[in-house]
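Okay, so here's the structure we're looking at.
All of these numbers come straight from a predicted model, not from anything done at the bench.
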Amino acid sequence: MLTFALPILSLLATASQVDKDAIAALPPLSESASTKLDVTSLTATAAWKSLDPSWSQATDFEAQDLRLGKLRVTRLMPRLLSPHGVLPVEGADRVITSRRGKVLRTKIGQPLLVTGQFSLPQERALLRAIGSVRGGVLTSQTAIQVRGLARPVFFASDRGIRPAWRVRVPTLRLQDARDVWVDADSGDILRQEPVARFHTAVTTEVQP
């Protein structure tokens with residue numbers, strides 16, 4: 001739950017009402033229907049299409065709910081069709097905040113317009129990713145023999161929605177392990193982030 005709650009709180013802090021009239025025209029969310037069925041009905045309305053014209057490009061989506069007191073925060077991750085099947089679009093979430101069904105605000109992610117294609121072979125993406133991370137345990141010779149390290153996704157970047165290979169690069173130390181997004185068209189490194197995150201707890205010593 002925490003892995004969902006923290007990004008959502010960040011999105012809420014930056015959420016903006018793109019079109020107040022369109023938001024006001026959105027139908028209420030149901031408390032009884034399943035989240036996906038509920039959202040499917042909402043995103044089919046003219047009001048939603050006004051807020052998010054490119055949503056119709058989504059082949060499918062994943063939906064998650066979070067309750068914050070009386071608020072309901074619903075996060076949608078769109079999925080797009082590709083030569084590798086229907087893939088998630090990472091970094092282009094839509095967020096709907098409601099209270100007792102009434103939609104209060106929305107956060108619309110990047111337009112779902114794909115630029116580029118899956119032209120870079122997975123093996124070359126693996127080599128690019130491994131070469132960008134220090135302390136990796138794989139060499140160029142062993143990388144192409146290992147399965148399961150790379151998977152195709154779409155990634156929201158400043159160049160639009162890009163086809164990408166998301167590669168998990170193993171390292172000798174856990175804190176050095178990285179997920180690397182390699183552009184599946186150009187071969188550029190789109191993003192890196194640590195696989196593991198470590199938090200330091202603040203403690204106070206009380207003397208008797």
(message) Quick check: closest heavy atoms across Val182 and Gly187, and the distance to 0.1 Å?
(response) CG1-O, 3.8 Å

(request) Walk me through it: do Lys36 and Asp60 pass the test salt bridge (charged side-chain N to carboxylate O under 4.0 Å, His left out)? (result) CA-CA 10 Å; Lys36 188 155 188 176; Asp60 195 6; 2.7 Å; yes

(request) Taking all heavy atoms of Pro111 and all of Ile161, pick out the closest pair and write down the distance. (result) O-CG1, 3.3 Å

(request) Could you tell me whether Arg178 and Glu193 have a side-chain N and a carboxylate O separated by less than 4.0 Å? (result) no

(request) Please name the pair of heavy atoms, one in Arg72 and one in Ser30, separated by the smallest distance, quoted to 0.1 Å. (result) NH1-O, 3.1 Å

(message) If I compare all heavy atoms of Val103 with all of Pro27, which pair ends up nearest, and what's the gap?
(response) CG2-O, 4.2 Å

(request) Evaluate the side chain to side chain contact (heavy atoms under 4.5 Å, CB included) criterion for residues Arg128 and Ile189: first the C-alpha distance (whole Å), next the side-chain angles of each, then the deciding distance (0.1 Å), finally the verdict. (result) CA-CA 8 Å; Arg128 289 282 291 126; Ile189 302 297; 3.8 Å; yes

(message) Tell me if a side-chain donor or acceptor on Thr115 pairs with a main-chain N or O of Arg162 at a distance below 3.5 Å.
(response) no

(request) Please indicate whether Arg100 has more than 12 foreign heavy atoms, meaning atoms of other residues, nucleotides or ligands, lying under 6.0 Å from its CZ. (result) no

(request) Say whether Leu120 and Leu126 are linked into one hydrophobic cluster, either directly or through other cluster members, by side-chain heavy-atom distances under 4.5 angstrom. (result) yes

(request) Return the minimal non-hydrogen interatomic distance between Pro78 and Phe61, and the atom names on each side. (result) CA-CB, 4.0 Å

(request) Assess the side chains of Arg94 and Thr106: does a donor N or O sit below 3.5 Å from an acceptor N or O? (result) no

(request) Mind checking the OG1-CD spacing from Thr35 to Gln64? Nearest 0.5 Å is all I need. (result) 9.5 Å

(message) Looking only at the side chains, is there a donor atom on one of Thr74 and Asp65 sitting less than 3.5 Å from an acceptor on the other?
(response) yes

(request) Please determine if Arg159 and Asp183 form a salt bridge, counting it only when a charged side-chain N lies under 4.0 Å from a carboxylate O. (result) yes

(request) Verify the cluster assignment for Val133 and Leu190: are they in a single hydrophobic cluster under the rule of side-chain heavy atoms below 4.5 Å apart? (result) no

(message) With a 4.5 Å cut-off on side-chain heavy-atom distances among I, L, V, M, F, W and Y, is there a chain of contacts connecting Leu42 to Ile108?
(response) yes

(request) Grab the two heavy atoms, one from His84 and one from Pro152, that are nearest each other, plus how far apart they are. (result) CB-CG, 3.7 Å

(message) Go through it in stages, so that I can follow the logic: the residues are Gln192 and Trp181, the test is side chain to side chain donor-acceptor pair (under 3.5 Å), and I'd like the CA-CA distance, side-chain angles, deciding distance and then a yes or no.
(response) CA-CA 6 Å; Gln192 278 193 22; Trp181 285 260; over 6 Å; no

(message) Would a single hydrophobic cluster contain both Val95 and Leu104, if residues Ile, Leu, Val, Met, Phe, Trp and Tyr are joined by side-chain heavy-atom contacts under 4.5 Å?
(response) yes

(message) Side-chain heavy atoms nearer than 4.5 Å, only ILVMFWY residues, links allowed to pass through others: does that put Leu76 and Ile23 together?
(response) yes

(message) Rounded to the nearest 0.5 Å, what separates atom CD in Gln110 from atom CZ in Phe155?
(response) 9.5 Å

(request) Rounded to the nearest 0.5 Å, what's the gap from CG on Asp93 to NZ on Lys107? Could you check? (result) 8.5 Å

(request) Could you walk me through whether Ser119 and Asp185 pass the side chain to side chain donor-acceptor pair (under 3.5 Å) test, one step at a time? (result) CA-CA 5 Å; Ser119 58; Asp185 195 2; 2.9 Å; yes

(message) Assess whether a salt bridge exists between Glu90 and Arg166, defined as any Lys/Arg side-chain N lying under 4.0 Å from an Asp/Glu carboxylate O.
(response) yes

(message) For Trp165 and Phe118, take the angle between the two ring planes, folded into 0 to 90°, and tell me which bin it lands in: parallel under 30, tilted 30 to 60, perpendicular over 60.
(response) perpendicular

(request) Look only at the side chain of Ser98 and the backbone of Gly101, and say whether a donor-acceptor pair between them is shorter than 3.5 Å. (result) no

(request) Could you tell me the separation between the CG atom of Leu26 and the OG atom of Ser41, rounded to the nearest 0.5 Å? (result) 12.5 Å

(message) For the CG atom of Leu149 and the CZ atom of Arg168, what is their distance to the nearest 0.5 Å?
(response) 9.5 Å

